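Small disclaimer: the values here were computed from a predicted structure and weren't measured. All heavy atoms count here, side chains included; hydrogens, waters and symmetry mates do not.
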Amino acid sequence: MTKPLNHFYRFDYETRLTMLEYAVNLTASDRKMLRDSRSDTGNDIVENYLTDFNLPEGLATNFKINDKLYQIPMVTEEPSVIAAASNGAQLVAKSGGFVAKVQNRQMIGQIVLENVSDENRILDWIHSNEVLILKTANEAHPSVLKYGQGATQVRLRNLSEGFISIDLVVDVGEAMGANIIDGMTEAVSKMIQSNLSADVLMSILSNFATESLVTVKCQIALETLTTATLSGEKVATKIEQATKLATLDPYRAATHNKGIMNGIDAVIIAFGNDWRAIESGAYAYACRSGKYQPLSQWIKQDGYLVGEMTLPMPVAFTGGATKVLPLVAVNKRIADVKSARELMMIVGSVGLAQNLAALKALVTEGIQRGHMSLQIKSLARSAGATHAELAVVVDRLSKMSRPDLASAKTIISEIRRKKSSK
C-alpha cells in the first residue's frame, strides 16, 4: 500500500529517493534509473523533481518552406510520425515546397468582470480610458517594449449573464508572453477596480490565440501522388473526399486534426515550447464556426492537389524553457531558425506535411501498413529485445500475419536458448 509523502518538496534529492522507496516500494534498480537519468536543470524547472523522462528526438528532413531548405528536429514517442512528416515534405518539395505566412503575432489577455448591472457605464469608462489602460499595462512589464510593442489595443466583449471581458491585445515580441500578459492584466485589473469599483473575476492570458495565426499552403502535382494501383488523380480525389468527410463528421475531424498535431506537437516539444497551449488553441480554432471542423483543407485544382491550413501558433523563441533546456539551442541551430515568426511557419508546415502523408496512406494502402515496420520495432523492444537481437526479431515478426507481444517474447526466448546452447 502506498504511504503518504509529507513535505516532499523540502528535502534534498537523496532524501526524496529514500522517502519514495519507503512510500511506494521502489526497487534498487528503479532508484538507480531515476538517479542516472536526472539532469542539472530539472530541479530548477519542476516541483518535487525526480528525474528527466527522455523521449526520442529525430529529424524530419528536407522541408522546403518559402524557398528555404530546413532540417527539423522532432520529439515524439510515436513510431512513423517523423517518417510521415519527411514523406509529406518530399511530396510537396517536388512541386515547389510550402508557402507559409504569419498573418499576425499578438496575444490576448482577459480581465473578466462579473455581476455587471450597468454595462454602459463600464463600456463608456473603458473607451474613454484606453490610453490609460495601455499605459498601465506597459508599465507593469516595461521590458517587453524592448522586444515588441507591448499592449496595443483594448477590446470589449459582453459575454451575457453579467460577464464582460476586457481583452488586452499585446505584441510580446519573441516570447510566448504568458507571464508578460498575466502581469499586465493583473495591473489593469487593480486599476479598473480602484476606478470603477467593479467585481473582477479573473485576469489571465487566453490560449485562444486568434491574433497569432500562421497560414501554410502547398500544391502537389497529381502525377506525384500515383501509386502502384491508383492514378495520382484518383488519390487526389480520395484525399479531397477525406477532407469533405472531416467537415461533415466530428468523429473523423478529431482524428484528422490529431494527425496534424502529431507533427506540430513533436516540433513544439523539440523547441522547448508549451505544446498544451498550442493544442488548446488549435482545437478551439477548429470550433470557431460553432461546429468542430478539420484544421486543413485539400482540394483538386488545375492539375494539383492543393492544401491549406490556418491555425493559432503562439510560440516562443526566447524565454521560459527555451533558455533552460540545453537541447533547444542545438535544435535552433539544426533548423537554422532565427525568430518566432520563422518557427511559426516551420511548425505549421510540418503539421500540413503530416496531414498529407496520413491522408495519402489512409486512402491508398491503409494506415496500418505504413506504421507496421516501425511498430514492429517498438513491439520487439517492448518484449525485451536487446539491440543485438533486434534485427532478427523484427525480421521474424515482419513475416507474421498478426505479430504480437507474445510472439515477440517467444522469438527472443528462442534466440537466447540457441545462443546459450552454443
Side-chain angles (χ1 to χ4, degrees), residues 63 65-66 68 70 72 92 97-110 144 147-155 157 165 167-178 180-181 205-219 243 246-247 253 256-268 271 273-299 306-318 337-356:
F63 268 76
I65 305 169
N66 296 341
K68 179 180 175 180
Y70 292 91
I72 305 173
V92 174
F98 296 92
V99 177
K101 181 180 180 181
V102 175
Q103 295 188 21
N104 45 16
R105 183 172 160 74
Q106 297 187 101
M107 296 296 289
I108 297 170
Q110 291 183 266
V144 75
Y147 308 106
Q149 298 177 8
T152 60
Q153 187 181 359
V154 180
R155 300 193 301 223
R157 290 180 297 123
S165 180
D167 295 344
L168 191 67
V169 182
V170 183
D171 182 339
V172 293
E174 295 297 302
M176 185 269 186
I180 293 169
I181 290 177
L205 165 89
S206 170
N207 289 120
F208 190 25
T210 54
E211 298 298 321
S212 189
L213 300 176
V214 63
T215 296
V216 182
K217 300 178 182 180
C218 67
Q219 60 179 20
T243 300
T247 66
H256 179 107
N257 289 342
K258 191 268 181 180
I260 292 169
M261 300 312 293
N262 277 343
I264 286 175
D265 285 350
V267 182
I268 290 295
F271 285 86
N273 271 248
D274 184 350
W275 58 268
R276 302 158 307 278
I278 301 296
E279 285 247 346
S280 65
Y283 290 136
Y285 198 73
C287 296
R288 66 193 184 282
S289 68
K291 178 184 177 183
Y292 188 82
Q293 292 285 280
L295 290 165
S296 67
Q297 294 291 323
W298 296 92
I299 60 170
V306 178
E308 182 172 348
M309 180 173 69
T310 296
L311 75 169
M313 194 55 61
V315 298
F317 193 71
T318 61
V337 59
K338 307 295 186 186
S339 69
R341 287 175 175 265
E342 189 176 13
L343 183 56
M344 290 170 71
M345 294 187 287
I346 287 173
V347 176
S349 297
V350 172
L352 194 58
Q354 198 82 38
N355 185 224
L356 171 63

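Applying the salt bridge (Lys or Arg N to Asp or Glu O under 4.0 Å) test to every pair with at least one member in residues 208-218, sequence neighbours left out, gives these pairs: Arg155-Glu211. Residues in residues 284-298 take part in no salt bridge (Lys or Arg N to Asp or Glu O under 4.0 Å) pair, two or more places apart or across chains.
By the side chain to side chain donor-acceptor pair (under 3.5 Å) test, Thr215 pairs with Gln103, Thr310, sequence neighbours left out. Residues satisfying the side chain to side chain contact (heavy atoms under 4.5 Å, CB included) criterion with Ala282, sequence neighbours excluded, are Met261, Leu295, Leu311. Residues satisfying the side chain to side chain donor-acceptor pair (under 3.5 Å) test with Tyr292, not counting sequence neighbours, are Asn257. Residues that satisfy the side chain to side chain contact (heavy atoms under 4.5 Å, CB included) test with Asp274, not counting sequence neighbours, are Arg276, Ala277. Taking the side chain to side chain donor-acceptor pair (under 3.5 Å) definition, one finds that Asp265 meets it with nothing, sequence neighbours left out. Residues satisfying the salt bridge (charged side-chain N to carboxylate O under 4.0 Å, His left out) test with Lys101, not counting sequence neighbours, are none. Scanning for side chain to side chain contact (heavy atoms under 4.5 Å, CB included) contacts around Ala100 gives Ile65, Asn66, Val216, Met345, Ser349, with sequence neighbours left out. Applying the side chain to side chain donor-acceptor pair (under 3.5 Å) criterion to Thr152, with sequence neighbours excluded, gives Gln106. Shown here are the salt bridge (charged side-chain N to carboxylate O under 4.0 Å, His left out) partners of Glu279, two or more places apart in sequence or in another chain: there are none. Applying the side chain to side chain contact (heavy atoms under 4.5 Å, CB included) rule to Val306 yields the partners Gln219, Ile299, Gln301, Tyr304; only residues at least two apart in sequence or on another chain are considered.
Contact record, Met344 with Asn104: CE-O, 4.0 Å, taken as the closest heavy-atom pair. The two residues Cys218 and Val92 make their nearest non-hydrogen contact at CB-CG1, 3.6 Å. Minimum heavy-atom separation, Ile180 to Ala175: CD1-CB, 4.2 Å. Summarising the geometry of Gln110 relative to Ser165, their closest heavy-atom pair is NE2-OG, 3.0 Å, with the distance given to 0.1 Å. For the pair Ala340 and Phe317, the tightest heavy-atom approach, listed with the atom from each and the gap, is N-CB, 3.6 Å. Smallest separation of non-hydrogen atoms from Gly259 and Gln354: O-CG, 3.1 Å.
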Quiz item: Does the side chain to side chain contact (heavy atoms under 4.5 Å, CB included) test come out yes or no for Val347 and Phe271, once each step is laid out?
Solution: CA-CA 10 Å; Val347 176; Phe271 285 86; 5.9 Å; no
Practice problem: Take Lys258 and Asn262, measure what side chain to side chain contact (heavy atoms under 4.5 Å, CB included) needs, and give me the verdict at the end. | Solution: CA-CA 6 Å; Lys258 191 268 181 180; Asn262 277 343; 2.9 Å; yes
Quiz prompt | Audit row: Leu168, Ile108, side chain to side chain contact (heavy atoms under 4.5 Å, CB included) steps and yes/no | solution = CA-CA 5 Å; Leu168 191 67; Ile108 297 170; over 6 Å; no
Self-check item: Audit row: His256, Thr243, side chain to side chain donor-acceptor pair (under 3.5 Å) steps and yes/no
Solution: CA-CA 8 Å; His256 179 107; Thr243 300; 5.3 Å; no
Self-check item: Criterion side chain to side chain contact (heavy atoms under 4.5 Å, CB included) on Leu352 and Trp298, from CA distance to verdict
Solution: CA-CA 10 Å; Leu352 194 58; Trp298 296 92; 3.6 Å; yes
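Within the 4.5 Å cutoff, the side chain of Pro294 has heavy atoms near those of the Thr247 side chain. Residues Val350 and Phe63 are in side-chain contact: their nearest non-hydrogen atoms beyond the backbone lie under 4.5 Å apart.
Taking CG of Leu343 as the reference point, atom CD of Glu174 lies at 9.5 Å (rounded to 0.5 Å). Atoms CE and CZ, from Met309 and Phe98 in turn, are 9.0 Å apart once rounded to the nearest 0.5 Å.
A donor-acceptor contact shorter than 3.5 Å is absent between the side chain of Asn273 and the backbone of Trp275. Side-chain atoms of Arg105 come within 3.5 Å of backbone atoms of Gly173 as a donor-acceptor pair (strictly under, hydrogens ignored).
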